[in-house]
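Below, chains carry the letters A, B, ... as their sequence lines are ordered, and counting in each starts from 1.
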Protein chains: 2
Amino acid sequence: MTAVPDPVSSARRIAAPPSMSALAAEALREMVLSGDLKPGDRVVENRLTEALGVSRPPLREAMRVLEQEGLIVQTPRKGAVVAPVTPHDIYEIVSLREEIEQIAVRLGVPVRSQERLDRLRRAFADLEAAAEEEGAPRVVASSFAFHLAIVGLAGHRRLEDVYRSLSLQMRMCMAMNRRARAAIETARQDAARHRPLMELVEAGDVDGMAHTLAHHGQRTFLLSIEDDAPGHSPESRAWFARIHREEEEAMRRDGHA
Amino acid sequence: MTAVPDPVSSARRIAAPPSMSALAAEALREMVLSGDLKPGDRVVENRLTEALGVSRPPLREAMRVLEQEGLIVQTPRKGAVVAPVTPHDIYEIVSLREEIEQIAVRLGVPVRSQERLDRLRRAFADLEAAAEEEGAPRVVASSFAFHLAIVGLAGHRRLEDVYRSLSLQMRMCMAMNRRARAAIETARQDAARHRPLMELVEAGDVDGMAHTLAHHGQRTFLLSIEDDAPGHSPESRAWFARIHREEEEAMRRDGHA
DNA sequence: CGTCTGCCTTTTGTAGACAGTAGTCCACCG
DNA sequence: CGGTGGACTACTGTCTACAAAAGGCAGACG
């Protein structure tokens, strides 16, 4: 039928040869996403080599990957730090994420590939299983995987790659103030909102998907961003103001319902 | 006025400490974009180290960057090749590029930042200067820089980064069949079409920009892609068909005018 | 007492070398 | 003559070691 089997999902290798670089990248990524390393923290090579048990060259390559993913920033002779996130950064991440979701839904929602739909179903099942667990930090990862699978419906590898990178940055932001535990609550609340998305996909309802996704973001997390925090740009200020307006609107509507 | 000076343009360092990794990445990128290395060609580390005069560690880091940019593909124990481009890849690159341009115009076109507008004006002047030169391979780079500056109007660093990466891949595709010189012709023709864009930006015409950009792509390059080439997906086939339809429509309209 | 300058430590950038694995070619056997 | 096994080659993955630069600290001078 199609010359390429499925450009997106065929990226995974069947037999994965463990590579120290890849392992180091994964470990480092996990340290950032779990909040062990907070934005602004210095990332010293020597310290990590003995912590991870790898030598510096593979670690440096891993740091290059993390840099491209936007999780750390490197300045030539000064070292690396976990990427600091300003309100403007959060604006960039969330707004671009939503735009990409819209594009993906437009491209992929009358699902044409059984393979991609199966992937989404698996992600949904995994998410529901994770939601039942106690405490459930796995909900966050599963939720992001579910959204990633939605974007994957488009069969657009580059679109999915960008979305994956943004999701990682988003998770880093949420790990930053997970201390407040607000993000976890958000995740559990959002988990309940995933079933309608799944149903809309099954029904092939493009407009419904687009509309639902547009109001699906981690809103309570976004609302926790102070308006007078440093690092705002005019764009981010206007964008956050819009989020606040929409959320108040939604709360008023729900109150009347 | 704003807490962050300008997140996009502040990325450039004032005093650039020369880093072998960065130099190697730039040289390697140039080799790919100029067509010295064609898609599918193997990228052997030892061969490049003696060609570029650097050692393997910085070269490997450079290759990691190029990999993230989508210009080369690395498979764990087999080595690296210049990213092969199928029609599906071209569909991905061009379609995402156009989507990003639309987003950027929506976000940035009533230009609020004098700095960003100045950057666009400089890019435009540079493009016009390059168009006057003989042969003018610099037109291609200047044209891409101009488009990048348009996207930069949004003040959205991540959006611009994605666009830059896609532009590099696009240039690689065009370098691939530059042998036919069709791409160069396209670039010169397109150069004339840049002035309206500049004027629309100055006028703050969002809809005009969006509409013009939607039909501004390297169409003659795209039309050179054979419909029966290997590596098509259902999505790419449908997309190319649409491009052909639109182009025929445009030619018929111009013929009547 | 404050500030500037020089040295020292820390950290990064780079080089060269070694080990392990995948692909390939040839020889041998059926 | 075809297929299979093994050895060889070449490449990648990783490590240790060295050099250079940036930042911190102490001491001396104004």
Measure [atom1]/[X] against [atom2]/[N] and give the value in whole Å, please.
X        : N       : atom1 : atom2 : answer
Glu50(B) : dG16(C) : CD    : P     : 12 Å
Lys78(B) : dG13(D) : NZ    : C1'   : 17 Å
Gln74(A) : dT12(C) : CD    : C1'   : 10 Å
Arg56(B) : dA10(D) : CZ    : P     : 15 Å
Asn46(B) : dC18(C) : CG    : P     : 15 Å
Met20(A) : dT14(D) : CE    : P     : 7 Å

Do Tyr91(A) and His156(B) make the cut of ring centroids closer than 6.0 angstrom? yes
Using ring centroids (six-membered ring only for Trp), state whether His232(B) and Phe240(B) fall under 6.0 Å.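 Yes; His232(B) has its ring centre under 6.0 Å from that of Phe240(B).
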Would you say Arg47(B) places a side-chain N or O within less than 4.0 Å of OP1 or OP2 belonging to dC11(D)? yes
Could you tell me whether the phosphate oxygens of dT14(C), OP1 or OP2, come under 4.0 Å of any side-chain nitrogen or oxygen in Ser21(B)? yes
Hey, does the side-chain of Arg77(A) have a donor or acceptor N/O within less than 3.5 Å of a partner on the base of dG23(D)?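 Check fails, no donor-acceptor contact within cut-off.
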Is there a donor in the side chain of Gln74(A) and an acceptor in the side chain of Arg64(A), or the other way round, less than 3.5 Å apart? yes
Test of understanding: with side-chain hydrogen bond (donor to acceptor under 3.5 Å, both in side chains), list the residues that count as partners of Ser167(B), not counting sequence neighbours. Arg97(B)
Just compare dT12(D), dC15(D), dG13(C) and give me whichever is closest to any side-chain atom of Glu45(A). dG13(C)
Please check if atom CD in Glu26(B) has more than 12 non-hydrogen atoms from other residues, nucleotides or ligands closer than 6.0 Å.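 12 or below, so no.
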Mind listing the residues from residues 57-71 of chain B sitting with a heavy atom below 4.0 Å of DNA chain D? Number order is fine.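 Close to the strand are Arg60(B).
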Is there a donor-acceptor pair closer than 3.5 Å between any side-chain N or O of Ser143(A) and the backbone N or O of Val139(A)?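 The answer is no, because no donor-acceptor pair under 3.5 Å joins these two groups.
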